[in-house]
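Inspection log for the structure reproduced underneath, given as C-alpha cells.
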2 protein chains.
Amino acid sequence: MNIGEVAERSGIPPKTIRYYEDIGLVRPQRSGNGYRAFREIDLHKLAFLGRARALGFSIEDCRNLLSLYEDETRESAQVKTIAEEHLGAIDDKIAQLQEMRETLSHLVEACRGDHRPDCPILKDLSGALAGCKPTTGRSAD
Amino acid sequence: MNIGEVAERSGIPPKTIRYYEDIGLVRPQRSGNGYRAFREIDLHKLAFLGRARALGFSIEDCRNLLSLYEDETRESAQVKTIAEEHLGAIDDKIAQLQEMRETLSHLVEACRGDHRPDCPILKDLSGALAGCKPTTGRSAD
DNA sequence: TATAGGGCTTCCAGTCACTGGAAGCTCAAG
DNA sequence: CTTGAGCTTCCAGTGACTGGAAGCCCTATA
C-alpha cells in the first residue's frame with residue numbers, strides 16, 4: 001500500500017503519517033522507487049494511533065500504549081494507569097473550561113451588546129489589578 | 001517600574017511581558033540604562049491581558065479587546081461578539097472533552113487493571129479500523 | 001513517444017503562546 | 001572592587017502537526 005491508500009483507510013492525512021514515521025511511531029518499508037510500502041499491520045497501527053489521538057492521548061502516551069499493545073507480557077494495570085492519568089487530565093481541563101465558561105457567560109449576559117461603549121466585560125477585565133499584588137506593600141486596604 | 005515589579009504586581013512572568021512587547025501588546029518606555037520603564041497604565045494593560053488570557057481568550061482576541069478598551073467610541077456589541085464567539089468555542093471544547101471522558105471512563109471501568117495482559121482499552125483502540133474505510137471498495141460486510 | 005496529471009519524495013518554515021538558557025550589561029550593597 | 005541580583009538580547013525548543021516548494025515516479029492518452 002502506498003501512503004495515499006493508508007491515509008484514506010486509516011483516516012490519518014499523509015502529512016501526519018510521514019510525521020509519525022519521523023518520530024518513530026511507524027516504520028513502513030520502502031519500495032524500490034523510494035515510496036513507503038505499508039503492510040496491513042502498519043495500517044492497523046495507524047488506526048490505533050488515530051483512535052488514541054481522538055481520545056486525546058498525547059503522542060507519548062500513544063507511543064507507550066502502542067508498545068504495550070505489542071507486548072504480550074504487558075499487565076493491563078499499566079494500560080489502565082495511563083488511561084486513568086489521562087482521564088484525570090481531561091477532568092482538570094473540563095473543570096477549568098467550565099470555570100471560564102461560568103464567568104464568561106455571566107459577563108456576556110450582563111453586556112447589552114448595543115451601540116453604547118458601556119461594557120461589563122471590559123469592566124471586568126480592566127478590574128483585574130484589584131485581585132493582584134499591591135503597589136509595594138501598601139494597598140487600597 | 002522595572003519589569004520585575006510589574007511582573008510581581010500583574011502576575012505575568014517577565015519573559016511573557018517581554019514577549020507581549022515583542023508582539024506589540026504593550027509598549028513600555030525605556031530608561032537611560034536600557035531597562036524597560038513601565039507606567040501604571042502599562043501595568044494596568046498587563047493585568048487586563050492576564051485576566052483575558054485566564055478567561056481563555058487568544059492573543060488576537062486580547063489585542064482586539066484591548067483596542068476596544070482604549071477606544072472611547074467602541075460599541076459594546078463589538079466586545080460582546082468576541083466574547084460570545086469565544087464562549088461558543090469553549091462550549092465546543094467542553095463537549096469534545098466530555099465525549100472523550102465518557103468513552104474513556106467506560107473503558108477504564110471495564111479494565112481490571114491487574115497483572116494479566118487482557119485489556120478492553122487496548123481492545124477498543126486496536127478495533128479502530130472497523131469504523132474506517134474498507135480495503136478497496138470491498139469490506140467485511 | 002511525448003506529455004500531462006496526479007501521487008510520491010524531501011526539506012524548510014510556520015502555527016500558538018510562551019519558556020529555557022546563554023552571554024553580557026547595570027546597579028546597589030558591603 | 002567584588003558580589004550577586006536584576007536587566008538586556010538572541011536563539012532554540014515545546015506539541016502535533018500543516019503548508020508549500022522543488023523535484024522524482026508512474027500511468028494514461030494523443
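Residue numbers start from 1 in every chain, and the chains themselves are labelled A, B, ... in the order their sequence lines are given, proteins ahead of strands.
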Query raised in the report: Ion pair present between Lys45(A) and Glu40(A), side-chain N to carboxylate O less than 4.0 angstrom?
Result: no

Query raised in the report: So which one's nearest nucleotide on DNA chain C is more toward 5', Tyr35(B) or Gly4(A)?
Result: Gly4(A)

Query raised in the report: Does Arg18(A) make a side-chain N or O approach to OP1 or OP2 of dG19(D) shorter than 4.0 Å?
Result: no

Query - Separation of atom CD1 in Ile17(B) from atom C1' in dG20(C), rounded to whole Å - result: 17 Å

Query raised in the report: Looking at Glu21(A) and Arg36(A), does any basic side-chain N land under 4.0 Å from a carboxylate oxygen?
Result: yes

Query raised in the report: For the side chain of Arg74(B) and the backbone of Tyr69(B), is there at least one donor-acceptor N/O pair under 3.5 Å apart?
Result: yes

**Report entry** Phosphate contact (dG15(D) OP1 or OP2) by Tyr19(A) side-chain N/O below 4.0 Å
**Finding:** no

Query raised in the report: If only atom types and distance count, is the side chain of Ser31(B) paired as donor or acceptor with the main-chain N or O of Gly34(B) below 3.5 Å?
Result: no

**Report entry** Contact under 4.0 Å: Arg53(A) side-chain N or O vs dC17(D) OP1/OP2
**Finding:** yes

Query raised in the report: Which whole-number value in Å describes the distance from Leu49(B) CG to dC16(C) C1'?
Result: 16 Å

Requested in this report: Using only side-chain N and O atoms of Tyr20(A), determine if any of them is under 4.0 Å from OP1 or OP2 of dC17(D).
Outcome: yes

Requested in this report: Specify the separation, in whole Å, of atom CD of Glu60(A) and atom P of dG13(D).
Outcome: 17 Å

Report task. Take the C1' atoms of the five end pairs on each side of the helix from dT1(C)-dA30(D) to dG30(C)-dC1(D), get both axes, and report the angle to 10 degrees. Result -> 30°

Report task. Give a yes/no answer on whether the side chain of Thr16(A) brings an N or O atom under 4.0 Å of OP1 or OP2 in dT18(D). Result -> yes

Query raised in the report: Heavy atoms under 4.0 Å, any strand shown: does Arg36(B) hit a base, just sugar-phosphate, or nothing?
Result: sugar-phosphate

Query raised in the report: Quick check: does any side chain N or O of Ser105(B) sit under 3.5 Å from a backbone N or O of Arg101(B), one acting as donor and the other as acceptor?
Result: yes

Report task. Respond yes when some side-chain nitrogen or oxygen of Asn33(B) is under 4.0 Å from OP1 or OP2 of dC27(C), and no when none is. Result -> yes

Requested in this report: Pick base, sugar-phosphate or nothing for Phe57(B), based on heavy-atom distances below 4.0 Å to the nucleic acid.
Outcome: nothing

**Report entry** Minimum-distance nucleotide (side-chain atoms of Pro13(A) versus dC7(D), dC8(C), dT18(D))
**Finding:** dT18(D)

Report summary line: Taken to the nearest whole Å, CD1/Ile59(A) to C1'/dT18(D) is 14 Å

Query raised in the report: Given that Lys15(B) and Asn2(B) both sit by DNA chain D, which one's nearest nucleotide is further toward the 5' end?
Result: Asn2(B)

Query raised in the report: Would Arg116(B) and Asp114(B) pass as an ion pair if we require N to O under 4.0 Å?
Result: yes

Query - Flag, side chain of Asn2(A) to backbone of Gly4(A), donor-acceptor distance under 3.5 Å - result: no

